[in-house]
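Counting from 1, the numbers follow the sequence of the chain as shown.
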Amino acid sequence: MVSDVSIDHGTVRVGIRLTTMACPSREAIATAVREAVSGKTGCPVEVTFTSDVARAQGPRERLQGVRNIIAVAAGKGGVGKSTVATNLAAALQQQGAAVGLLDADVFGPSIPQMMGHPQVPPDVGVGQKIKPAIHHGIHVVSVGFFIERGAAVIWRGPMVHKLLQQFLEDVEWGELDYLVVDLPPGTGDTQISLSQLIPITGAIMVTTPQEVSVLDVEKALAMWKKVQVPVVGVVENMSYYLCPSCGHRDEIFSRGGGRALAEREGLRFLGEIPLLTSVRRGGDAGKPLILAEPASPVAQIFIDIAQQVACALSVRNLPDPGTAKRSSRLTVLR
């Protein structure tokens with residue numbers, strides 16, 4: 001949508017408002033506008049973009065300033081879910097969105113390590129509200145900020161529920177386009193508590209290609225259906241190993257399991273992420289790959305995934321043209 005047009009010293013300035021700054025057609029839109037306006041006026045054209053990210057509808061008692069809540073989940077541990085969550089958050093932020101990252105993996109909080117030393121540490125503000133840490137421009141909260149390194153969290157389900165409620169109610173998240181939630185693996189207390197506390201806009205399932213992982217994702221998909229949370233799509237991590245010396249491709253964990261699952265379930269297949277040292281190194285060093293090596297092919301894969309997710313949520317949040325109502329599937333389990 002054209003938001004404004006002005007002429008300044010012979011230059012035509014055109015403002016375009018998008019539904020998300022992660023729009024994959026941004027450059028194509030800019031080129032089309034420049035050619036159309038320049039062809040009519042003969043003047044140089046500058047195109048600028050802003051965004052009005054559509055807010056997910058549904059009952060909302062918490063996180064009033066957050067427009068979309070994205071749950072990153074997995075059926076089992078060790079498939080790279082936190083790697084996807086951190087790089088997804090970084091990719092959305094790099095595209096110009098306001099992004100938060102909530103580490104909901106209470107028993108295995110890895111986000112503090114994977115996001116590195118904060119530019120602004122977590123703090124306590126007015127009314128004893130927690131101020132998130134700022135990592136690479138992203139608002140981050142994790143139980144890992146409040147326990148010693150190596151300390152174990154040994155809690156029953158009600159304690160986990162209470163902590164999640166505190167992270168949702170007692171944190172100054174501010175105005176965010178996207179809050180990415182890194183969930184623990186499986187279908188346990190955290191997933192149920194989160195679906196009870198907030199309306200999740202959409203879930204992303206992470207799997208590796210082999211059948212052992214895919215089977216557990218199928219169970220997780222059944223859970224999301226029961227709690228009425230829409231699944232945006234499937235990401236296949238560790239899809240193949242590409243030898244840096246000779247370029248040989250080895251599909252260590254089989255081939256195509258994530259894509260086949262997405263096709264069977266009628267879901268969007270978001271992409272394949274290879275098994276690379278650079279991806280692991282970024283997590284260990286506290287600088288996600290998309291920030292450490294932004295020009296790399298794998299960084300582009302993460303950008304493509306982020307753009308697909310942002311666009312899917314924008315479409316989901318638009319009013320139905322027939323009823324002018326938004327999706328009834330965005331409901332909260334009570």
Side-chain angles (χ1 to χ4, degrees), residues 55-77 79 81-82 84-86 88-89 92 99-112 130 132 138-146 153 155-174 176-206 216-217 219-235 309 312-313 316-317 327 329-334:
R55 178 186 175 88
Q57 297 300 300
R60 179 77 71 89
E61 299 175 4
R62 302 171 178 89
L63 301 178
Q64 295 294 327
V66 178
R67 293 172 181 257
N68 293 280
I69 301 162
I70 305 169
V72 180
K76 67 187 310 95
V79 300
K81 168 186 52 61
S82 296
V84 172
T86 52
L88 172 64
L92 290 168
V99 181
L101 177 59
L102 170 59
D103 186 357
D105 194 347
V106 175
F107 301 108
S110 55
I111 295 301
I130 300 170
I138 300 167
H139 294 68
V140 182
V141 168
S142 170
V143 71
F145 294 153
F146 309 106
V153 177
W155 289 350
R156 294 186 183 274
M159 289 292 291
V160 174
H161 181 94
K162 187 175 180 180
L163 178 69
L164 288 175
Q165 187 170 351
Q166 185 176 11
F167 280 171
L168 298 174
E169 295 178 352
D170 297 336
V171 173
E172 295 180 359
W173 286 106
L176 297 177
D177 296 320
Y178 306 99
L179 176 62
V180 178
V181 183
D182 182 30
L183 290 170
T187 58
D189 290 328
T190 302
Q191 288 81 351
I192 295 171
S193 292
L194 199 70
S195 64
Q196 290 175 329
L197 291 167
I198 52 175
I200 301 170
T201 317
I204 298 169
M205 294 306 305
V206 181
D216 286 335
V217 173
K219 298 170 187 174
L221 289 174
M223 177 205 67
W224 290 126
K225 289 177 183 177
K226 283 191 175 183
V227 298
Q228 300 184 49
V229 170
V231 176
V232 178
V234 176
V235 174
V309 171
L313 297 185
R316 186 180 297 278
N317 292 338
S327 172
R329 288 175 289 178
L330 302 178
T331 56
V332 179
L333 179 70
R334 294 295 183 188

| said: Going by ring pair (Phe, Tyr, Trp, His ring centres under 6.0 Å), name the residues that satisfy it together with Phe145, two or more places apart in sequence or in a different chain. | reply: His135
| query | For Ala220 and Gly75, which heavy atoms make the closest approach, and how far apart are they? | reply | CB-CA, 4.4 Å
| task | Give, for atom CG of Leu63 and atom CD1 of Ile198, the distance between the pair rounded to the nearest 0.5 Å. | result | 5.5 Å
| Is there a donor-acceptor pair under 3.5 Å between the side chain of Thr201 and the backbone N or O of Ile70? | no
| So do Thr86 and Leu101 actually touch side chain to side chain, heavy atoms under 4.5 Å? | yes
| request: Evaluate the side-chain proximity of Met205 to Trp224: yes if any heavy-atom separation is below 4.5 Å, no if none is. | output: yes
| Polar side-chain atom of Gln165 near backbone of Asp170 as donor-acceptor pair, under 3.5 Å | no
| remark: Rounded to the nearest 0.5 Å, the OG atom of Ser195 sits from the CD1 atom of Ile200 at a distance of 6.0 Å
| Do Val84 and Val79 have side-chain heavy atoms sitting under 4.5 Å apart? | no
| How many angstroms lie between CG in Leu176 and CG in Asn68, if you round to the nearest 0.5 Å? | 10.5 Å
| request: Could you tell me whether the side chain of Leu197 reaches within less than 4.5 Å of the side chain of His161, counting heavy atoms only? | output: yes
| said: So Asp103 and Pro112, do their side chains get closer than 4.5 Å, heavy atoms only? | reply: yes
| CG/Leu183 to CG/Leu194 distance, rounded to the nearest 0.5 angstrom? | 6.0 Å
| How about Lys81 and Asp182: do any of their side-chain heavy atoms sit closer than 4.5 Å? | yes
| request: Taking all non-hydrogen atoms of both residues into account, name the closest pair between Ala104 and Thr190 and its distance. | output: O-CG2, 3.5 Å
| query | Going from CG on Asp189 to CG on Leu164, what distance comes out if it is rounded to the nearest 0.5 angstrom? | reply | 9.5 Å
| Interatomic spacing from CG in Leu168 to CG in Leu163 - rounded to 0.5 Å | 9.5 Å
| Is there a donor-acceptor pair under 3.5 Å between the side chain of Trp173 and the backbone N or O of Phe167? | yes
| request: Give a yes or no on whether the backbone of Gly186 and the side-chain of Gln191 come within a donor-acceptor separation of less than 3.5 Å. | output: yes
| query | Looking only at heavy atoms, what is the nearest atom pair of Val153 and Phe107, with distance? | reply | O-CD2, 3.1 Å
| query | Under 4.5 Å between any side-chain heavy atoms of Gln64 and Arg55, yes or no? | reply | yes
| Hey, are the side chains of Leu313 and Tyr178 touching, using non-hydrogen atoms and a 4.5 Å cut-off? | yes
